[in-house]
Structure formats: C-alpha cells, structure tokens
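Here is the structure we will look at, set down as structure tokens.
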Amino acid sequence: MDFCPKLAAMAVDYNIKLSDKQLQELTCFYDLLYARIHNWSADIMAGTMIDCLSCYDPNTFPVGCRVIDIASGPGFPGIPLKILWPDIKLCMLDASEGRLSFRQEVVERLNLADVTNLHCRVEDAAILPEHHGQYQLSMSRGLSYSLQRLVELGLQFVETGGHYIEFEVERRHEMEGVAEKVAAVGGELVKVKEQDLEGRIFVYAKKVREMPLTSVTAE
C-alpha cells in the first residue's frame with residue numbers, strides 16, 4: 001500500500017482526523033524524507049507520523065501555543081504536529097546542521113508559517129535567555145538521556161505552568177517512581193499514556209517551579 005492511503009487508514013484506526021490537504025502535506029514530507037533515506041518504507045513512516053500526532057492533548061496544546069521540538073532530527077514530531085495544528089508557533093532544535101537544512105527545505109516546500117530552526121546543543125540552548133522559559137510546551141522524541149534528565153532539560157524551555165512531553169520506548173524500566181523523578185527537577189507528573197504503536201509511552205510533566213539546570217551528560 002502506498003504511503004497516503006496507509007496513513008489515512010492508520011489515522012482512522014487511531015482516531016486522528018486528517019483533511020485531504022493535511023494528507024497531501026504529510027505525503028510531501030514523506031516524499032522528501034524518502035528521497036534522502038530510501039529504506040524508510042511507507043508502513044514505517046506512516047506509523048512514525050501517527051506516533052508523532054498521538055501525543056496531542058488539548059490541555060497541553062493551547063491555541064497558538066509556543067512549542068519547541070528538542071532534538072528534532074528530520075522534523076519529528078514537530079513537522080507532523082505543525083501540519084495538523086498550523087496555529088502553533090514551532091521551534092525545532094537540533095545540533096546537526098545537515099538536519100537543519102533538510103527541515104528548512106520542508107518548511108519552505110510546505111509553506112509553513114511561524115516555524116524557526118535552531119542549530120544548537122540542547123544543553124546550551126536551555127540556558128539561552130531567548131529560549132529558557134520562553135515556551136508553553138516542549139517535547140522530545142529523539143534524545144537518549146535518562147528519563148529524569150530528559151524531563152529536567154525539557155522543563156528548562158517552558159514557562160512555569162508549561163508542559164513537557166516525553167516520547168518513551170527505551171526507558172520503560174525507568175517508569176517506576178516517575179512522579180518522584182519529575183518532582184525532583186521542578187515538575188509535576190500530569191499523566192502517563194500508553195499506546196500500542198511502537199510500544200510508546202507518553203510522559204506529560206508540568207513545570208511547577210524554576211530549578212537550575214545541572215550538568216547533563218549522555219548516558
């Protein structure tokens with residue numbers, strides 16, 4: 001099955017409403033990805049798109065909210081979310097300059113408004129005045145730190161009362177005591193949502209107090 005009908009069918013299965021225009025834009029994004037990475041099949045990429053869109057929660061995505069996608073890579077989950085909710089103001093952060101140029105190509109091809117690309121290390125960006133505490137929502141799908149450090153980093157970017165969403169698969173073993181881990185870095189666990197697709201767990205944390213960023217190294 002080609003990408004577009006596969007994505008449309010999966011969207012129905014996961015109760016995600018996509019217009020014809022959104023399906024066309026997501027298909028264009030897939031075509032640009034496939035032109036660079038030929039071994040990403042339609043099935044894999046349709047699942048990835050649905051995974052990105054499944055994090056949406058109206059309580060954490062206020063209309064017109066300022067969102068930062070941390071370690072965005074080729075644009076996941078930021079670009080699919082921007083296509084589905086074009087009112088968000090999106091910043092995509094990644095340390096790879098090559099990925100930045102690809103994301104910018106996608107933004108220009110799809111004529112996406114209110115999107116910026118930031119080439120910077122996450123730890124450095126988190127303490128920059130123009131990014132620290134400047135967003136209502138942060139999220140990460142592509143970092144490999146421990147769960148607690150991921151939440152710590154994510155909360156650095158949002159204002160008090162803002163939210164961080166962590167896409168979890170590899171750190172399922174760290175879910176024990178997750179509320180205490182979130183609290184230790186200035187947050188409050190809002191909810192944990194499980195989904196069968198990719199064995200995903202979404203961790204939603206709210207920033208309740210400002211805390212300094214500790215030294216963070218990959219683990």
Side-chain angles (χ1 to χ4, degrees), residues 10-18 47-73 76-93 122 126 132-211 213-214 216 219:
M10 290 189 71
V12 172
D13 291 342
Y14 285 90
N15 198 29
I16 296 172
K17 295 181 180 180
L18 296 174
T48 298
M49 300 284 188
I50 294 298
D51 180 52
C52 291
L53 298 175
S54 295
C55 76
Y56 176 76
D57 183 313
N59 294 318
T60 57
F61 279 81
V63 175
C65 64
R66 303 180 304 278
V67 179
I68 184 165
D69 177 8
I70 302 167
S72 185
F76 295 126
I79 289 175
L81 286 166
K82 177 64 178 178
I83 289 171
L84 194 55
W85 292 280
D87 62 281
I88 66 174
K89 298 172 178 63
L90 175 66
C91 176
M92 292 181 285
L93 164 65
V122 175
H132 179 85
Q134 298 302 306
Y135 300 89
Q136 293 162 286
L137 175 65
S138 64
M139 61 186 69
S140 175
R141 190 176 181 271
L143 282 175
S144 57
Y145 300 132
S146 70
L147 174 60
Q148 182 169 317
R149 287 188 170 179
L150 285 168
V151 175
E152 178 187 18
L153 277 169
L155 293 180
Q156 293 291 315
F157 289 94
V158 300
E159 60 193 22
T160 301
H163 292 83
Y164 170 68
I165 303 174
E166 170 58 26
F167 287 63
E168 275 301 334
V169 173
E170 296 177 356
R171 288 165 291 274
R172 297 178 72 95
H173 64 283
E174 296 184 42
M175 294 306 296
E176 183 177 353
V178 63
E180 290 77 11
K181 293 173 182 177
V182 171
V185 293
E188 176 183 282
L189 181 66
V190 175
K191 67 175 181 178
V192 174
K193 182 174 77 172
E194 294 195 45
Q195 179 172 273
D196 59 352
L197 185 63
E198 299 193 6
R200 178 68 69 200
I201 296 176
F202 298 102
V203 178
Y204 297 76
K206 180 179 180 180
K207 184 173 181 176
V208 294
R209 65 186 184 279
E210 186 69 44
M211 292 190 69
L213 179 65
T214 60
V216 178
E219 297 182 355

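Since the structure is predicted, the reported quantities are computational estimates derived from the model, not experimental observations.
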Run the side chain to side chain donor-acceptor pair (under 3.5 Å) test against Tyr14 and tell me which residues pass, sequence neighbours left out.
Asp196
Side-chain donor/acceptor pairs under 3.5 Å, residues 180-191, sequence neighbours excluded:
from	atom 1	to	atom 2	distance (Å)
Lys181	NZ	Glu174	O	2.7
Lys181	NZ	Glu176	O	3.4
Lys191	NZ	Asp57	OD2	2.4

Hey, could you give me the CZ/CG distance between Arg141 and Leu143, rounded to the nearest 0.5 Å?
12.0 Å
For the atom pair OG1 (Thr214) and CD (Gln148), what is the distance rounded to the nearest 0.5 Å?
8.5 Å
Could you tell me the separation between the CD1 atom of Ile79 and the CG atom of Leu90, rounded to the nearest 0.5 Å?
8.0 Å
Run the side chain to side chain contact (heavy atoms under 4.5 Å, CB included) test against Pro86 and tell me which residues pass, sequence neighbours left out.
none
So, taking the atom named CG in Leu18 and the one named CG in Leu53, what distance separates them when rounded to the nearest 0.5 Å?
6.5 Å
Taking atom CG as the centre, does Asn15 end up with more than 12 heavy-atom neighbours from other residues, nucleotides or ligands that are less than 6.0 angstrom away?
no
What do the steps show when you test His163 against Val158 for side-chain contact (heavy atoms from CB on, under 4.5 Å), and what is the final call?
CA-CA 7 Å; His163 292 83; Val158 300; over 6 Å; no
Give, for atom CD1 of Ile68 and atom CG of Leu93, the distance between the pair rounded to the nearest 0.5 Å.
5.0 Å
Those residues that, when tested against Ser72, pass side chain to side chain donor-acceptor pair (under 3.5 Å) (two or more places apart)
Asp69
Applying ring-ring contact (aromatic ring centres under 6.0 Å, His included) as the test, list every pair that has at least one member in residues 54-73; sequence neighbours left out.
Tyr56-Phe61, Tyr56-Trp85
Check whether any side-chain heavy atom of Ile16 lies under 4.5 Å from a side-chain heavy atom of Met10, and answer yes or no.
no
Under the rule for salt bridge (Lys or Arg N to Asp or Glu O under 4.0 Å), what residues qualify as partners of Arg66, not counting sequence neighbours?
Glu159
Among all residues two or more places apart in sequence or in another chain, which pass the side chain to side chain contact (heavy atoms under 4.5 Å, CB included) test with Met175?
Leu147, Val178, Val192, Ile201, Val203
Heavy-atom closest pair, residues Ala126 and Leu153
CB-CD2, 4.5 Å
My understanding is that only residues two or more places apart in sequence, or in another chain, count here; which of them pass salt bridge (Lys or Arg N to Asp or Glu O under 4.0 Å) with Lys207?
Glu210
Considering non-hydrogen atoms only, spot the tightest contact between Ser138 and Ile70 and give its length.
CB-CD1, 4.0 Å
Those residues that, when tested against Phe167, pass ring-ring contact (aromatic ring centres under 6.0 Å, His included) (two or more places apart):
Phe202
Does any N or O in the side chain of Lys89 come within less than 3.5 Å of the main-chain N or O of Val67, such that one atom is a donor and the other an acceptor?
no
Do the non-hydrogen side-chain atoms of Cys55 and Tyr204 ever get within less than 4.5 Å of each other?
yes
Could you work out, with side chain to side chain donor-acceptor pair (under 3.5 Å) as the rule, every residue matching Ser54, not counting sequence neighbours?
Gln195
Distance col, row Leu81:CG vs Ile165:CD1, nearest 0.5 angstrom, shows 8.0 Å
Taking the side chain from His132 and the backbone from Gln156, do they hold a donor-acceptor pair closer than 3.5 Å?
yes
Going by side chain to side chain donor-acceptor pair (under 3.5 Å), name the residues that satisfy it together with Glu166, two or more places apart in sequence or in a different chain.
Tyr164, Arg171
